[in-house]
Amino acid sequence: MSKKNGIEALSRRAFLASAATVGASAIAAPAFAQSALDGLLNAPKRGNWDDQFDAKAASRTATAVLSNTPILSPQSVASAQQAIMQYQQIAAAGGWPEVNPGDQRLQLGVSSPAVQALRQRLAITGDLPREAGMSSAFDSYVDGAVKRFQARHGLPADGVLGEFTLKAMNIPADVRLQQLNTNLVRLQTFPEDLGRRHLMVNIPAAYVEAVEDGSVATRHTAVVGRLSRPTHLVNSKIYEVILNPYWTAPRSIVEKDIMPLMRKDPTYLEKNAIRLIDGKGNEVAPETVDWNGEAPNLMFRQDPGKINAMASTKINFYNKNGEYMHDTPQQGLFNKLMRFESSGCVRVQNVRDLSTWLLRETPGWNRQQMEQVIASGTNTPIKLATEVPVYFVYISAWGMPDGVVQFRDDIYQMDGNAELALDTTAGMEQPVQ
């Protein structure tokens, strides 16, 4: 996709240019792991809950890791190299301590010896400020630091050390360093110019970035393919938005899902407004099909409507796998801890905002007009005046120019270490009791 030598040269230049800012960044300072720990040890020994509370620390939440810089940007390689340098220093200094709360639930207000190890762990990666000290109190400093750590790892930023937060926290520094190196190679395959307006779907992060003029214009939570039916990596172009789409079930879903459901409930197709269409466009009655045999060679097409699998919107891009992005009637899926549940297609939260952005340069289609068509229930395909590049990528670890380092669960087990697949696909995170 890109010329390796050119990218390497660009990477070196960008890295050297960014190095001047490294010293000003606390989390990328030389020998940070040891200096951060020394700062904690030398901080005032404030020993009780009352004098540990600092309202300013409460602001250190998930917002501290947000950035308008795209994951894929001209700074991506240099930022990854900066993160690698930081984690090389951490690993060389011995990594971080294991956090083991035992049977105690660590959260705001708790006092426990385990909190001291937690403070050390969070300080080493720059989540906890040095002035927080080494108290055993889980104060507002620690609460904000845990939330920041959770946000950097794509976990609900609730400040509670639940099962998956603890798993992510106890992955060794050298394994995280390996993950960063693996993803640096991936980042180096992308050209600098991805298009003035483009979309990026990051599968491990399960979110979508709409990028315009080098900045994230809008970001969307997504649901992507499960391990057994993964979303494919692809570089393509979005060419069409369909309002009130018909949904045509892929052959895999017909065989694996619909056929078994029809054996259990012969009224399933009727309840879900799914019609059977033959090769000549004629509708076929479900009762004429042997549902105990092989899947019939028919089109399974669901009518537009609120229960349609794609709800209001379908976004088409060129690909050989029959995948697309779409709305969903199951909005609760976006609230799940990890969102790897689809059969390969990508469900997008607030998809109408994304469609508005995609169609902004297509005459005659503003948000009001889109809403009117959706309300009518009429199937309406809209060709984009200018096709928008889209990149489906697998970036599970990356850095930002401001020094924040992000990690995600290696859902498709592509990073080469079983410890990085945290099995966070089981549902909501359960507190450690």
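- Using modelled atom types and a 3.5 Å distance limit, the side chains of Asn366 and Thr356 yield no donor-acceptor pair.
- Cation-pi geometry between Arg301 and Tyr246 is met: the NZ or CZ atom falls under 6.0 Å from the ring centre, inside 45° of the normal.
- Between Val211 and Arg197, every side-chain heavy-atom pair lies at or beyond the 4.5 Å cut-off.
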Dump the intermediate steps for side chain to side chain donor-acceptor pair (under 3.5 Å) on Ser396 and Asn183, then the final yes or no. CA-CA 7 Å; Ser396 63; Asn183 281 273; 3.0 Å; yes
Working for side-chain contact (heavy atoms from CB on, under 4.5 Å), residues Thr313 and Ile242: CA-CA 6 Å; Thr313 308; Ile242 302 178; over 6 Å; no
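- Checked against side chain to side chain contact (heavy atoms under 4.5 Å, CB included), Pro172 has the following partners two or more places apart in sequence or in another chain: Asp174, Val175, Glu419.
- Atoms CE and OG, from Met325 and Ser355 in turn, are 9.0 Å apart once rounded to the nearest 0.5 Å.
- The shortest distance between side-chain heavy atoms of Thr221 and Arg339 falls below 4.5 Å.
- In plain terms, the two heavy atoms of Ala205 and Trp398 that are nearest each other are CB-CH2, 4.1 Å.
- Formation of a donor-acceptor pair under 3.5 Å by the Asn319 side chain with backbone atoms of Gly322 is found in this model.
- Side-chain contact between Asp158 and Gln107 is absent, with no heavy-atom pair separated by less than 4.5 Å.
- Side-chain contact between Val346 and Thr231: present, with at least one pair of heavy atoms (C-beta onward) separated by less than 4.5 Å.
- When every heavy atom of Ser76 is checked against every heavy atom of Pro70, the shortest pair comes out as OG-O, 4.4 Å.
- For the atom pair Leu118 CG and Ser136 OG, the distance stands at 11.5 Å (nearest 0.5 Å).
- A donor and an acceptor atom, one from each side chain of Gln104 and Ser112, are located under 3.5 Å apart.
- For His198 and Tyr391, the ring centers sit closer than 6.0 Å to each other.
- No donor-acceptor distance shorter than 3.5 angstrom exists from the side chain of Gln120 to the backbone of Trp96, with no hydrogens or angles considered.
- Contact of the Phe149 side chain with the Met169 side chain is registered, since non-hydrogen atoms from C-beta on lie closer than 4.5 Å.
- Two rings, from Phe317 and Tyr324, have their centers 6.0 Å or more apart.
- Here Ser73 contributes atom OG and Glu209 contributes atom CD; the two are 9.5 Å apart, rounded to the nearest 0.5 Å.
- Partners of Tyr318 according to the ring-ring contact (aromatic ring centres under 6.0 Å, His included) rule, which considers only residues two or more places apart in sequence or in another chain, are Tyr239.
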Worked check of side-chain contact (heavy atoms from CB on, under 4.5 Å) between Gln349 and Val223: CA-CA 8 Å; Gln349 190 175 36; Val223 175; over 6 Å; no
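- Looking at heavy atoms from C-beta onward, Met200 lies in side-chain contact with Val393 at the 4.5 angstrom threshold.
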Please report the C-alpha distance between Arg152 and Asp127 in whole Å, then the side-chain angles of each, then the deciding distance to 0.1 Å, and finally whether the salt bridge (charged side-chain N to carboxylate O under 4.0 Å, His left out) criterion is met. CA-CA 9 Å; Arg152 289 195 304 109; Asp127 296 300; 2.8 Å; yes
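- Looking at Glu361, its side chain never comes within 3.5 Å of a backbone N or O of Leu358 through a donor-acceptor pair.
- Judged purely by atom type and a 3.5 angstrom limit, Thr328 has no side-chain atom pairing as donor or acceptor with the backbone of Gln331.
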Stepwise side-chain contact (heavy atoms from CB on, under 4.5 Å) check, Ile411 with Arg226: CA-CA 8 Å; Ile411 175 62; Arg226 69 196 75 153; over 6 Å; no
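- A donor-acceptor pair is defined here as one N or O able to donate and one able to accept, closer than 3.5 Å; no such pair exists between the side chain of Ser215 and the backbone of Glu212.
- The salt bridge (Lys or Arg N to Asp or Glu O under 4.0 Å) contacts involving residues 238-248 comprise Glu240-Lys383, where partners must be two or more places apart or lie in separate chains.
- Considering every non-hydrogen atom in both Ala80 and Leu184, the closest pair reads CB-CD1, 3.9 Å.
- Arg176 and Gln179 are linked by a side-chain donor-acceptor pair at a separation below 3.5 angstrom, with hydrogens and angles left out of the test.
- Ion pair Asp415/Arg408 not flagged as a salt bridge, since none of the NZ, NE, NH1 or NH2 atoms sits closer than 4.0 Å to an Asp/Glu carboxylate oxygen.
- Taking a cutoff of 4.0 Å between a charged side-chain nitrogen and a carboxylate oxygen, Glu341 and Arg229 do not qualify as a salt bridge.
- At a threshold of 4.0 Å, the pair Arg367-Asp353 counts as salt-bridged, since one of the basic side-chain nitrogens sits closer than that to a carboxylate oxygen.
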Stepwise, does the side-chain contact (heavy atoms from CB on, under 4.5 Å) test hold for Leu227 with Gln413? CA-CA 9 Å; Leu227 178 59; Gln413 302 170 14; 3.6 Å; yes
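- What you find for Pro204 and Phe340 is that their closest heavy atoms are O-CZ, 3.4 Å.
- For the pair Pro245 and His326, the minimum side-chain heavy-atom distance is 4.5 Å or more.
- The structure places CZ of Phe392 at 10.0 Å from CG of Leu233, a figure rounded to the nearest 0.5 Å.
- The two residues Val241 and Ile315 come nearest to each other via the heavy atoms CG2-CG1, 4.4 Å.
- Counted by atom type alone, Thr125 and Arg121 present one or more donor-acceptor pairs between their side chains at under 3.5 Å.
- Using a 4.5 Å heavy-atom cutoff, the side chains of Asp327 and Val348 are not in contact.
- With values rounded to the nearest 0.5 angstrom, Lys237 atom NZ is found 14.0 Å from Leu199 atom CG.
- If you check the side chains of Asn181 and Tyr87, you find no donor sitting under 3.5 Å from an acceptor.
- A salt bridge links Asp139 with Arg119: the closest approach of a Lys/Arg side-chain nitrogen to an acidic carboxylate oxygen falls below 4.0 angstrom.
- To the nearest 0.5 angstrom, Leu177 atom CG is 9.5 Å from Ile90 atom CD1.
- Inspection of the Thr165 and Gln150 side chains reveals an N or O donor paired with an N or O acceptor under 3.5 Å.
- Heavy atoms only, all atoms of each residue included: Gly95 and Ile124 are closest at O-CD1, 3.5 Å.
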